[in-house]
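Read through the structure below, which is laid out as structure tokens, and then see the notes.
Keep in mind it's a predicted model, so treat the numbers as computed, not measured. Ligands are counted one by one from 1 in listed order, and the atoms in each one are counted from 1 as well. Any value given below was found using the heavy atoms of this structure, including those in side chains, with hydrogens, waters and symmetry copies removed.
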Amino acid sequence: MRVYKFGGASIADAGRMAAILPIISEEHEPLLLVLSALGKTTNALEVIVNLATKGQKEDALAAAKVLEEQHLEYARVLLNEAYYVEASIALRNHFAELEQAVNDAHPAFYDYSYDQIVCMGELLSSTMFSFFLLQNNVPNEWLDIRTVIRTDATYRDAVVDWDNTAKKAGETIMPKLHQGKIVVVQGFIGSTDDGKSVTLGREGSDYTAAILAAMLNMDSVTIWKDVNGLQNADPKLFPNTVKIDAISYNEVIEMAFYGAQIIHPKTIKPLQNSNIPLYVKCFFDKELPGSVIKGGVDQAHYPPLIVLKDNQLLVQVTTRDFSFITEDNLSTLYSIFHDLKTKINLIQNAAISFIACIDNREDKVKALIHALGKHYKVAINDHVQLLTVRHYTPEVIFELTKDKQILLRQETRKTIQVVMK
Ligand code: ASP
Ligand code: MG
């Protein structure tokens with residue numbers, strides 16, 4: 001039994017959704033299908049959140065209407081008359097839930113409001129997909145995964161309640177798979193015990209696939225992407241990337257930590273714990289070999305693995321009384337970053353200064369600088385890049401940094417990190 005996850009790009013338009021049909025219909029084993037929202041729907045929903053929480057409810061509802069029209073149009077292209085009628089009823093029910101969430105949205109509960117609105121994307125896409133499979137004689141059951149994945153109430157980054165989720169998955173999904181059925185669910189979303197929708201963090205559908213695979217003890221997970229497997233760097237940023245055939249769980253966790261946008265960072269751990277391989281394959285051509293992430297891969301064969309993070313901010317903090325940056329100051333500094341939920345991508349500290357490289361996020365940075373400014377002098381370098389190379393060679397580092405101004409460089413035997421402009 002396998003889990004297949006389809007991301008937004010693989011179902012961006014009705015033609016694409018139709019093109020992935022053989023990947024499913026030619027499979028002989030029971031499948032659990034995890035879907036993301038169509039294309040850039042989640043971004044569109046985020047715009048609606050921002051309007052709704054700023055009190056611009058009319059604009060938010062208008063934007064929701066546009067999204068509704070787009071989904072109905074998608075369904076019209078995808079489905080025949082009979083299935084369109086059924087699907088449009090289901091879609092309209094979801095849009096009624098969205099409208100309710102827009103009306104209830106409030107800036108005092110931004111993250112909560114966000115999840116009630118943004119969770120709709122996956123419900124919509126998976127609904128259409130389920131009807132499309134039925135129309136093509138692929139029997140399947142659509143399931144609202146919010147009845148299975150249980151979490152705490154950390155909205156936008158919900159923490160899974162594993163025991164509860166395992167129990168629910170075993171009760172609701174397992175029997176269907178044992179009957180040889182295909183089950184269609186949503187990635188990215190879940191619910192609290194009292195029925196409030198949550199999301200698992202942007203790009204969280206990969207994580208959903210891993211959670212369910214681990215809870216149901218599936219044989220493998222396959223993430224279907226628009227590229228043939230994993231590359232040693234982002235092909236959008238670098239020419240001549242190299243495909244990685246096999247890579248270990250640990251290496252992918254390292255890469256994700258440094259900001260590689262290959263797979264949602266939380267995806268690997270549940271799979272590693274249960275030793276479930278994760279395949280990354282290309283939905284344009286299912287015969288291409290792709291990549292596999294699994295245990296026991298020999299790292300001697302890795303090419304240099306490159307991660308470049310743009311739009312970074314280098315924050316330099318200096319003590320006002322010239323006290324050293326030792327345990328007490330470090331503890332204050334870490335608490336400030338921790339309280340503001342700001343991840344530090346790189347740290348360096350010297351006698352009276354502390355440097356952190358962070359994502360330049362509008363919603364976090366102001367508050368952070370304000371909080372740091374209460375205790376320390378703060379200086380900033382913006383628009384810097386953070387380059388990380390694992391399994392580096394001197395040649396690669398030279399190539400990647402030759403036209404840059406280097407602000408900071410750290411290296412260990414396996415990893416080099418450079419903050420540059
Ligand atoms: N639709 C969500 C997002 O765009 C989750 C996902 O695609 O994995 O972030
Ligand atoms: Mg996505």
Check your understanding: Does even one non-hydrogen atom of His264 get within less than 4.0 Å of ligand 1?
Key -> no

Under 4.0 Å from one or more heavy atoms of Glu122, ligand 1 contributes atoms 1 (N), 2 (C), 5 (C)

dist Arg409:CZ -> Leu346:CG (nearest 0.5 Å) comes out at 12.5 Å

Ligand 1 to Ser36, heavy atom cutoff 4.0 Å, flagged ligand atoms 6 (C), 7 (O), 8 (O)

For Ser10 and Arg16, which I'm curious about, is there any donor-acceptor pair between the side chains at under 3.5 Å?
no

query: Has Gly187 got any heavy atom lying under 4.0 angstrom from an atom of ligand 1?
result: no

| message | What I want to check is whether the side chains of Lys54 and Gln56 have a donor and an acceptor closer together than 3.5 Å. | response | no

CG of Leu32 to CD1 of Ile182, rounded to nearest 0.5 Å, is 10.5 Å

Phe188 heavy atoms within 4.0 Å reach ligand 1 at atoms 2 (C), 5 (C)

Ligand 1 atoms nearer than 4.0 angstrom to some heavy atom of Arg202 are 3 (C), 4 (O), 9 (O)

Does any N or O in the side chain of Ser126 come within less than 3.5 Å of the main-chain N or O of Leu123, such that one atom is a donor and the other an acceptor? yes

### Task
Determine whether the side chains of Asn232 and Thr241 contain a donor N or O and an acceptor N or O closer than 3.5 Å.
no

Counting from 1 in the order shown, the ligand 1 atoms closer than 4.0 Å to a non-hydrogen atom of Thr42 are 1 (N), 2 (C), 3 (C), 4 (O)

